[in-house]
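These numbers come from the heavy atoms of this one structure, side chains and all, not from hydrogens, waters or symmetry mates. Being a predicted model, the structure only gives us computed values, none of them experimental.
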Amino acid sequence: MNSKIPEPDSRSLTCPVCENGELRQFQRVRDTLYHRCPVCEATVMDASDWLTPEQERAVYDLHDNDPDDPGYRRFLSKLTTPLLDRLPAGAHGLDFGCGPGPALARMMEEAGMTVSLYDPFFYPQPATLEQRYDFVTCTEVVEHLHQPGAVFRQLDRLVKTGGWLGVMTCFQTEDSKFANWHYRRDPTHVVFYREATMAWLAEKLGWTMEVPVKDVVLFRKI
């Protein structure tokens with residue numbers, strides 16, 4: 001059951017994406033409460049409904065991200081194809097939040113790139129976060145972030161001037177379909193972005209922004 005809550009939340013909750021707007025209650029879907037930021041238009045799950053790290057890891061362990069799966073490769077090519085068109089030969093990148101099967105990194109390496117890996121659960125290698133890269137990829141990552149604003153600033157530091165950040169996440173569009181949206185039903189998805197949210201982040205961080213295909217954003221650090 002889905003019910004709209006038009007009144008602002010009585011608590012003061014700062015949006016974790018733009019770190020500027022005060023969240024307002026948006027929808028309660030069954031027992032889960034979601035908020036909306038009036039500044040960047042992000043939709044955020046209430047922190048009381050987040051999974052524990054152990055529960056979150058258990059969900060990720062169920063994911064089947066086989067680097068040799070043709071269907072999964074086609075899915076990732078929505079990001080890799082336009083990104084590769086913009087990169088110089090032999091560029092060095094970071095697959096941030098690569099998961100247990102870093103298929104995207106393999107695809108980029110097959111195209112002649114060098115790719116380092118980082119994932120807090122599966123590749124917790126802090127040294128990779130102390131370098132700077134020609135490109136950074138985040139595929140199906142940003143919707144899991146509990147502190148997305150801080151992570152986007154971290155990603156900005158990781159990208160060299162003139163470099164690229166490629167992000168893939170399903171954009172939230174129609175509010176009337178939010179309750180039954182497949183992407184919302186994943187309990188590890190705690191923040192949902194509109195294209196306008198990404199544009200807000202680009203302006204804040206001084207990036208250019210392109211949307212080459214649905215649900216893919218290419219930022220360039222200028």
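With no hydrogens or angles considered, no side-chain donor-acceptor pair links His92 and Thr114 at under 3.5 Å. A side-chain N or O of Asp95 and one of Thr137 form a donor-acceptor pair less than 3.5 Å apart. At a cut-off of 3.5 Å, with distance as the only test, a side-chain donor of Thr169 or Glu143 sits close to an acceptor on the other residue. Looking only at atom types and distance, the side chain of Gln172 has a donor-acceptor partner in the side chain of Arg36 under 3.5 Å away. Side chain to side chain, Thr128 and Tyr123 fail the donor-acceptor criterion of an N or O pair below 3.5 Å. Counting only N and O atoms by type, the side chains of Trp200 and Asn20 include no donor and acceptor under 3.5 Å apart. Defined by atom type and a distance below 3.5 Å, a donor-acceptor pair is missing between the side-chain atoms of Arg220 and Thr208. Of the N and O atoms on the side chains of His35 and Thr43, not one donor lies less than 3.5 Å from an acceptor on the other residue.
The aromatic rings of Phe192 and His189 lie perpendicular to each other, with more than 60° between the two planes, well past the 30° mark.
Contact check on Lys214 versus Glu195 returns no salt bridge, with no Lys/Arg side-chain nitrogen under 4.0 Å from an Asp/Glu carboxylate oxygen. For the pair Arg153 and Glu19, the salt-bridge criterion is met [side-chain N within less than 4.0 Å of a carboxylate O].
The two residues Val142 and Tyr193 come nearest to each other via the heavy atoms O-OH, 2.8 Å. Across every non-hydrogen atom of Thr52 and Gln55, the tightest pair is N-OE1, 2.8 Å. In plain terms, the two heavy atoms of Tyr72 and Ala103 that are nearest each other are CE2-CB, 3.6 Å. For Cys37 against Gly21, the heavy-atom pair with the smallest separation is SG-CA, 3.9 Å. Across all their heavy atoms, Leu145 and Val190 have their closest contact at O-CG2, 3.5 Å. Between Gly99 and Asp119, the shortest heavy-atom contact is N-OD2, 2.8 Å.
Val29 and Leu51 are assigned to two separate hydrophobic clusters, defined by single-linkage of ILVMFWY side chains at heavy-atom distances under 4.5 Å. Val59 and Trp181 are not part of a single hydrophobic cluster, where members link through side-chain heavy atoms under 4.5 Å apart. In terms of hydrophobic clustering, with Ile, Leu, Val, Met, Phe, Trp and Tyr side chains grouped at heavy-atom distances under 4.5 Å, Val213 and Leu104 are assigned to a common cluster.
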Point to revise | Residue pair Leu201, Cys18: steps toward the side chain to side chain contact (heavy atoms under 4.5 Å, CB included) verdict | key: CA-CA 7 Å; Leu201 286 165; Cys18 68; 5.8 Å; no
Practice item. Could you check Thr14 against Leu23 for side chain to side chain contact (heavy atoms under 4.5 Å, CB included), going step by step and ending with a plain yes or no? Key: CA-CA 6 Å; Thr14 302; Leu23 294 176; over 6 Å; no
**Study point:** Derivation of the side chain to side chain contact (heavy atoms under 4.5 Å, CB included) call for Val167 and Val216
**Key:** CA-CA 6 Å; Val167 175; Val216 170; over 6 Å; no
Check your understanding: Checking salt bridge (charged side-chain N to carboxylate O under 4.0 Å, His left out) for the pair Arg73/Asp69: CA distance, chi angles, key distance, verdict?
Key -> CA-CA 6 Å; Arg73 282 176 165 249; Asp69 178 13; over 6 Å; no
Exercise for review: With side chain to side chain contact (heavy atoms under 4.5 Å, CB included) as the test, would you mind laying out the steps for Met198 and Met209 before giving the verdict?
Suggested key: CA-CA 8 Å; Met198 296 299 186; Met209 171 181 152; 3.9 Å; yes
Check your understanding: Can you list the steps and then say if Asp175 with Arg194 is a salt bridge (charged side-chain N to carboxylate O under 4.0 Å, His left out)?
Key -> CA-CA 11 Å; Asp175 289 349; Arg194 293 177 182 263; 2.6 Å; yes
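Two residues are said to be in side-chain contact when any heavy atoms from C-beta on lie closer than 4.5 Å; Trp164 and Glu210 meet this criterion. Phe135 is not listed as a side-chain neighbour of Leu165, based on a closest heavy-atom distance of 4.5 Å or more. Side-chain atoms of Glu22 and Cys15, non-hydrogen and from C-beta on, never get closer than 4.5 Å to each other. Annotation: side chain of Leu129 is in contact with side chain of Gln154 (closest heavy-atom distance under 4.5 Å). Considering only heavy atoms from C-beta on, Thr197 comes within 4.5 Å of Val17 through its side chain. Within the 4.5 Å cutoff, the side chain of Pro187 has no heavy atoms near those of the Trp50 side chain. Side chains of Pro100 and Asp61 form no contact here, defined as non-hydrogen atoms less than 4.5 Å apart. Contact annotation: the side chain of Asp134 never approaches that of Pro88 to less than 4.5 Å [non-hydrogen atoms, C-beta and beyond].
For the atom pair CZ of Arg157 and CG of Leu205, the computed distance is 10.5 Å after rounding to the nearest 0.5 Å. From Glu140, atom CD reaches atom CE of Met168 across 6.5 Å, with rounding to the nearest 0.5 Å. Distance check, rounded to the nearest 0.5 Å: CE of Met107 to CG of Leu84 gives 8.5 Å. Atom CG of residue Asp46 and atom OG1 of residue Thr32 lie 9.5 Å apart, to the nearest 0.5 angstrom. Atoms NE2 and SG, on His144 and Cys138 in that order, are 11.0 Å from each other to the nearest 0.5 Å. With values rounded to the nearest 0.5 angstrom, Arg132 atom CZ is found 5.5 Å from Thr161 atom OG1.
Although no hydrogens or angles enter the test, the distance criterion places no donor-acceptor pair under 3.5 Å between the side chain of Arg106 and the main chain of Pro102. Looking only at distances, a side-chain donor or acceptor of Lys221 sits under 3.5 Å from a matching main-chain atom of Val159.
Within 6.0 Å of CD on Gln147 lie no more than 12 heavy atoms contributed by other residues, nucleotides or ligands. Around CG of Asp68, the count of heavy atoms belonging to other residues, nucleotides or ligands within 6.0 Å exceeds 12. No more than 12 heavy atoms of other residues, nucleotides or ligands lie within 6.0 Å of CD in Glu203, so this atom counts as exposed by the packing criterion.
Aromatic rings from Trp207 and Phe219 are positioned such that their centres are separated by under 6.0 Å. Ring centroid separation for the pair Tyr60 and Phe121 comes in under the 6.0 Å cut-off. Remark: aromatic rings of Phe26 and Tyr34 are distant, center separation not under 6.0 Å.
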